[in-house]
Structure formats: structure tokens, C-alpha cells
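All values reported here derive from a predicted model rather than from experimental measurement. Just so it is clear, the values below take in all heavy atoms, side chains as well, and ignore hydrogens, waters and symmetry mates.
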Amino acid sequence: MYGESYQNLFRSIQSRFSEKTFELIAVSKTKPYEVIREGYLGGIRAFGENYIPEAIEKFTKLREEFPDAVQSVQLHHIGPVQTGTLRKLFGVFQFTHGVGSFSTLKELLKRAEKEKKLIRYFLQCNLTEESSKNGISTEEILSKKKELESLQNEFCVWEGFMGMGPSDGDRERTILAFRNLNSIRKEFFPDKKLSMGMSGDFDLAMEEDSDYLRIGSLIFGDRPYGGNNK
């Protein structure tokens with residue numbers, strides 16, 4: 001069921017944006033292991049999780065039951081990266097999308113050198129200047145654009161930028177937010193990827209050339225509470 005929902009959604013997006021390539025991340029946070037297992041058996045190979053302990057429990061079990069999943073499944077951490085727990089990302093996640101400050105990034109870089117396990121990161125941008133959202137302002141990104149290219153190492157590679165639209169879902173403001181980040185990427189960082197778009201606004205993200213979509217409820221159904229990265 002979940003694999004079919006994923007494949008149908010992927011094909012639907014692909015048919016609408018046939019000239020673009022993208023990665024569809026199935027956001028499985030709060031879903032039990034049985035859902036992960038069914039999604040894996042249905043062909044899903046890219047999952048997104050917010051909570052590190054929950055992800056470790058579920059995906060350790062998946063990798064034990066299906067050894068091929070060690071290599072075939074990409075696990076994306078899509079919650080805010082916190083300095084106190086970032087060490088737990090290594091060896092579990094291949095990507096982290098929520099690096100929301102330069103101080104956190106520097107801690108991630110140091111830990112990567114110690115762990116010697118590859119992780120790719122996205123800088124989270126606060127595109128709407130909402131205090132409820134984590135992230136670096138676009139002004140700070142531009143002021144440090146020369147420094148940014150050096151903020152990676154052998155085990156911690158800068159993949160690109162992550163951004164979200166406004167919390168109220170206003171489509172015009174969402175368009176402007178995504179367009180702003182895409183413009184910055186195109187002008188100053190053309191080799192970097194964008195992680196934008198969730199269940200309610202992935203079409204707008206695709207219009208602005210998002211490379212990664214983070215979609216949960218359209219694949220796994222609604223959660224009992226609201227939240228980002230749906």
C-alpha cells in the first residue's frame with residue numbers, strides 16, 4: 001500500500017515536471033516499524049525521520065531483517081540538528097537537512113572528522129523570518145558565501161540548502177520564499193541542491209527547481225498532530 005502510494009506520487013510529479021529530476025523522500029517520522037517495513041517491501045528506498053532515537057530503533061531493525069537495506073536505503077534526518085545529539089547521526093543517516101547555524105555546522109564538521117563516517121548536509125534557511133523556525137537568514141548566507149565553500153571535509157559534504165514556506169501555508173508567500181532560495185542558489189551556488197517542498201506545497205517547490213521533496217502524509221496518511229516536513 002505505502003509503496004504503491006509512493007510510486008504513484010512519484011510518477012504523478014514526474015509527469016507534471018517531466019523536464020526535471022528530483023528525489024522523493026518518504027517522511028516516516030512517528031510511524032511504527034511495520035509501516036517502514038511495508039514501505040520498504042513496496043520499493044521505497046528514501047525515508048525521512050525527525051527523531052534520532054526513533055530512527056535508530058526502526059532502521060536498525062530494518063537493516064537486521066533486510067541486510068540489503070544497509071546499502072540500498074537512504075535515510076534523511078529532517079529535524080533540527082542539535083549539538084548535543086549530532087554525534088548520533090553518523091552511521092545511521094546519510095543526509096541531514098536541518099543544520100540551522102554556523103556554530104552547529106562547525107560542531108558537525110569536527111564530529112565527522114572523529115567518526116570518519118560520511119554524511120551530507122543541507123544548511124537550513126529561515127526563508128520567512130518566523131521566530132518559530134530554525135535556520136540561517138539568507139542575508140547571512142550571502143555575507144558568508146566565500147567562507148561556505150570551505151565548510152566541508154572528507155566526511156561531511158555540503159549538499160545544498162533546505163527551506164520551508166510560511167507556517168500558515170499562504171501560497172503567494174510560499175512561492176516568494178522558494179523563489180528567493182532558488183535565485184540565491186542559481187546565482188551564487190549553482191552546484192548545490194535544494195530541499196524544498198512538503199505535502200501541501202511540493203508543486204510550488206518543483207516550479208522552483210527543488211531537488212529533494214520531503215513528503216509524508218500523501219504517502220503514509222495523516223499523523224495525529226501537525227508539524228513540519230509533512
Side-chain angles (χ1 to χ4, degrees), residues 1-10 12-13 22-66 69-70 72-100 104 119-122 124 126 128 130 132-135 162-169 174 195-203 205 210 212-230:
M1 177 176 69
Y2 302 117
E4 184 178 359
S5 296
Y6 178 94
Q7 299 298 340
N8 287 342
L9 178 60
F10 185 92
S12 174
I13 298 170
F22 64 95
E23 299 284 341
L24 179 57
I25 302 167
V27 177
S28 50
K29 67 174 186 179
T30 76
K31 298 298 182 181
Y33 174 71
E34 291 71 26
V35 170
I36 306 297
R37 185 181 191 277
E38 184 177 331
Y40 175 79
L41 291 173
I44 299 176
R45 293 296 182 269
F47 292 87
E49 292 279 339
N50 274 44
Y51 311 111
I52 297 175
E54 176 190 339
I56 290 173
E57 180 180 355
K58 292 188 294 190
F59 285 88
T60 297
K61 190 172 182 179
L62 185 76
R63 290 160 179 167
E64 289 173 348
E65 185 174 1
F66 303 101
V70 174
S72 64
V73 168
Q74 289 188 345
L75 187 56
H76 296 253
H77 178 250
I78 57 175
V81 176
Q82 299 175 335
T83 56
T85 57
L86 60 78
R87 69 189 186 282
K88 297 179 181 179
L89 294 171
F90 294 91
V92 180
F93 296 90
Q94 288 81 30
F95 295 83
T96 183
H97 292 239
V99 179
T104 300
I119 195 164
R120 297 180 179 274
Y121 75 88
F122 292 82
Q124 181 173 349
N126 189 337
T128 57
E130 293 173 84
S132 60
K133 282 187 167 62
N134 293 305
M162 188 271 268
M164 292 183 284
S167 298
D168 63 8
T174 301
S195 171
M196 305 188 302
M198 300 183 289
S199 291
D201 57 21
F202 68 84
D203 55 332
S210 186
Y212 292 86
L213 304 175
R214 311 179 308 274
I215 296 181
S217 59
L218 292 180
I219 298 168
F220 297 114
D222 290 333
R223 298 184 185 85
Y225 58 88
N228 293 325
N229 296 307
K230 294 173 69 177

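- Judged by distance alone, the side chain of S210 and the main-chain N or O of M196 form a donor-acceptor pair under 3.5 Å.
- Remark: Y33 pairs with no residue by the ring-ring contact (aromatic ring centres under 6.0 Å, His included) rule, at least two apart or across chains.
- Side chains of S199 and S217: a donor on one and an acceptor on the other come within 3.5 Å.
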Checklist entry - So I52 and L89, side-chain contact (heavy atoms from CB on, under 4.5 Å) or not? Walk me through it. => result CA-CA 7 Å; I52 297 175; L89 294 171; 3.7 Å; yes
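- Closest approach of L218 and I215 over heavy atoms only: CB-CG2, 3.8 Å.
- Between the OH atom in Y6 and the CG atom in N8 there is a gap of 12.0 Å [rounded to 0.5 Å].
- When all heavy atoms of L86 and T104 are compared, the closest pair comes out as CD2-O, 4.1 Å.
- A distance of 15.5 Å separates NZ in K61 from CD1 in I56, rounded to the nearest 0.5 Å.
- For E65, the CD atom is densely surrounded, since the number of other residues' heavy atoms within 6.0 Å is greater than 12.
- Atom CZ of F202 is separated from atom CD1 of I13 by 4.5 Å, given to the nearest 0.5 angstrom.
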N/O donor to acceptor pairs below 3.5 angstrom from side-chain atoms of residues 92-100, sequence neighbours left out:
| from | atom 1 | to | atom 2 | distance (Å) |
| --- | --- | --- | --- | --- |
| Q94 | OE1 | L75 | N | 2.6 |
| T96 | OG1 | H77 | ND1 | 3.2 |
| H97 | ND1 | S195 | OG | 2.9 |
| H97 | NE2 | H76 | ND1 | 2.8 |

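- Between E54 and K29 there is no salt bridge, since no side-chain N of the basic residue sits under 4.0 Å from a carboxylate O of the acidic one.
- The OG1 atom of T174 sits 8.5 Å away from the CE atom of M198 when rounded to the nearest 0.5 Å.
- In this structure, CD on Q82 lies 10.5 Å from NZ on K88, to the nearest 0.5 angstrom.
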Item to check | Verdict with reasoning, F66 to R37, per side-chain contact (heavy atoms from CB on, under 4.5 Å) | outcome: CA-CA 9 Å; F66 303 101; R37 185 181 191 277; 3.9 Å; yes
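- Nearest heavy-atom pair, G165 versus T128, reported as atom, atom and distance to 0.1 Å: C-CG2, 3.9 Å.
- The residues K133 and E130 are annotated as salt-bridged, a charged nitrogen and a carboxylate oxygen being separated by less than 4.0 angstrom.
- Once rounded to the nearest 0.5 Å, the distance linking CD1 of I78 with CZ of F47 reads 12.5 Å.
- Under the side-chain hydrogen bond (donor to acceptor under 3.5 Å, both in side chains) criterion, the residue pairs touching residues 40-49 are S28-E49, E49-K58, with sequence neighbours excluded.
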Next on the checklist: Is there a side-chain contact (heavy atoms from CB on, under 4.5 Å) between E23 and R214? Walk through the geometry before answering.
Outcome noted: CA-CA 9 Å; E23 299 284 341; R214 311 179 308 274; over 6 Å; no
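- F220 and I44 make their closest contact through CZ-CD1, 4.2 Å (heavy atoms, listed as atom of the first residue, atom of the second, distance).
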